[in-house]
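Quick notes on the structure that follows.
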Protein chains: 2
Amino acid sequence: MAVTDEAILKIKEMITSGRLAPGDRLPPEKELSESLGLSRSSLREAVKALEVIRVLDVRRGDGTYVTSLEPRLLLEALSFVIDLHDDKSVLEIFGVRRILEPAATGLAAMRVSDEEVAELTELVDRAAADDIEALVEHDLVFHSKIVKASGNDYLAELIDSISSHTVRARIWRGLTQGSVIDRTIAEHSGIVSALREHDAELASARALTHIAGIEDWLRTAVGATSDPIPRPLAEDDAALDDAASDDAVAPAAGADSLRRTTPTTKE
Amino acid sequence: MAVTDEAILKIKEMITSGRLAPGDRLPPEKELSESLGLSRSSLREAVKALEVIRVLDVRRGDGTYVTSLEPRLLLEALSFVIDLHDDKSVLEIFGVRRILEPAATGLAAMRVSDEEVAELTELVDRAAADDIEALVEHDLVFHSKIVKASGNDYLAELIDSISSHTVRARIWRGLTQGSVIDRTIAEHSGIVSALREHDAELASARALTHIAGIEDWLRTAVGATSDPIPRPLAEDDAALDDAASDDAVAPAAGADSLRRTTPTTKE
DNA sequence: TACCGCGGAGACGTCGGATGAATCCGGCAC
DNA sequence: GTGCCGGATTCATCCGACGTCTCCGCGGTA
């Protein structure tokens with residue numbers, strides 16, 4: 001096995017064994033490379049690999065740290081990978097979301113707090129139908145809040161990760177189906193209503209209905225035309241790509257390559 | 001943004017834009033580094049990062065290729081990351097599996113072929129209760145086959161990925177609960193029976209029962225060995241390994257600290 | 001013609017050093 | 001006490017060199 005891969009496993013083992021805890025600082029690259037028996041160059045490749053999957057956090061001029069290792073961080077990498085799937089996979093991914101999100105919504109119905117219901121209610125009320133982009137933003141926040149209320153962070157982050165990929169599809173849907181805004185808000189309202197009553201079964205059913213509506217449309221679109229969906233992924237990376245193309249201003253802080261691509265985060 | 005991160009995004013963009021298709025070979029490192037405007041060292045860090053998440057396949061002495069980008073590959077990285085979660089997260093992860101696997105089993109019931117049923121039947125019959133390790137192996141194959149039969153590769157691979165992490169826990173369970181072998185086989189048999197009849201509801205219910213049984217045990221085990229205060233993963237994880245390897249069975253899982261838990265090609 | 005072995009070319013793997021840039025931190029002036 | 005400054009530390013990037021592996025064409029041989 002390559003020394004770099006060994007280093008990756010050794011660092012991982014240091015974490016799983018407890019020698020390195022979340023938040024801990026690693027020895028300097030020079031020192032660590034010597035103790036692991038490889039060159040600094042090779043070690044840096046290992047560190048970079050662990051950085052992109054959010055296991056390590058490298059701070060220039062400071063040091064390298066173990067991240068909090070929270071599900072949110074570790075699943076971020078999933079968004080990156082999902083971006084690389086083709087149209088057929090998008091349908092399969094949607095099939096997974098179709099399973100997870102109703103279940104999460106059902107869980108949320110059983111344990112959602114009054115405050116959370118109030119927040120969701122306000123969110124839906126405020127989502128007056130202005131424009132598509134605002135709706136997509138609202139949609140992301142809405143679903144994110146609900147799955148978070150399921151009480152299972154891992155489940156919530158997993159759903160968030162696999163949902164981000166469908167953003168563009170939903171945008172396109174919005175562009176081609178005018179009635180979608182009202183319908184989406186109405187469906188959201190129905191879900192909140194079920195949550196308020198702690199009716200898990202109804203909440204779950206309404207979530208499924210909601211998602212299946214999008215899925216149906218997506219299946220038709222993919223199946224119908226040969227070049228249906230606006231090119232998988234690349235476009236909302238445009239900002240990043242611009243930044244990368246050396247004429248743009250450097251992003252302010254902590255620029256990452258694997259930052260999730262949902263419009264919710266800006267760099 | 002760091003040049004290495006730029007390179008990662010640029011390579012990703014080359015793939016999503018279609019300039020690089022699955023199986024394609026990248027330009028040599030020297031050439032690519034020049035065209036991307038960075039040193040070979042930095043490019044190598046980018047390539048390494050994309051290699052660990054199975055986007056690129058680097059073949060020494062040959063060249064660097066884009067992988068097939070199949071869900072199976074891209075989700076492999078998930079297994080790596082899941083290894084880093086603590087016990088609390090393991091329960092949450094199990095909560096996700098509890099949702100996904102019954103659903104996948106239900107889907108499988110609707111479309112499973114006679115051949116697949118025959119394979120599963122034979123698999124269960126052959127899984128005569130010999131030893132724990134064989135049972136765990138059987139269990140992995142069994143569930144893998146079923147979820148694969150769901151027809152949704154992405155779903156199947158996702159389940160496989162999040163299941164791999166529970167292997168050690170199941171080993172420990174096996175060591176502490178003698179009757180688990182017979183019970184597991186009986187439950188597997190029941191699931192196959194429902195699949196054979198294409199009874200999705202029953203298949204799903206039996207899958208849920210099966211998984212919930214493990215989950216219940218896991219929750220008890222974790223709750224028993226943990227304080228109300230969340231503990232870092234290291235201690236409890238080590239406890240799992242110790243418990244496993246203290247016994248004469250000596251499962252391979254805990255033996256090699258540098259083991260690679262993701263099912264990859266050996267190196 | 002078909003097969004086999006060899007060696008060169010190309011490509012990745014690893015190393016060590018040098019320089020630049022960001023951060024941290026202690027000392028000093030006010 | 002506050003704020004500034006410079007040295008020390010650490011990561012970022014680049015460069016050049018050498019090793020090893022793989023591929024593939026060129027002859028040699030049967």
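Because the structure is predicted, anything quoted here is derived from the model rather than measured. Proteins come first, then strands; the chains are lettered A, B, ... in the order of their sequence lines, and each starts at number 1.
Bracketed by its first and final contacts, the part of DNA chain C lying under 4.0 Å from non-hydrogen atoms of chain B reaches from C/dG10 to C/dT14 in 5' to 3' order.
Residues B/L155 and B/S150 come closest through the heavy atom pair CD2-OG, 4.0 Å. Heavy-atom minimum distance, A/L158 versus A/L75: N-CD1, 3.5 Å.
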Give the B/S/- string for nucleotides 7-17 of chain D, one per nucleotide from 5' to 3', where a protein heavy atom under 4.0 Å of the base yields B, of only the sugar-phosphate yields S, and otherwise -.
-> --BBBBBBB-B

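Side-chain atoms of B/D160 and B/S144 form a donor-acceptor pair, as typed in the model, at a separation below 3.5 Å. Counted by atom type alone, B/E116 and B/S113 present one or more donor-acceptor pairs between their side chains at under 3.5 Å. Side-chain contact check for B/T16 and B/E13: no donor-acceptor pair (N or O, by modelled atom type) lies under 3.5 Å. Side-chain atoms of B/R59 and B/T64 include no donor-acceptor pair closer than 3.5 Å.
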Checking salt bridge (charged side-chain N to carboxylate O under 4.0 Å, His left out) for the pair A/E29/A/R40: CA distance, chi angles, key distance, verdict?
-> CA-CA 6 Å; A/E29 287 178 349; A/R40 189 176 157 234; 2.7 Å; yes

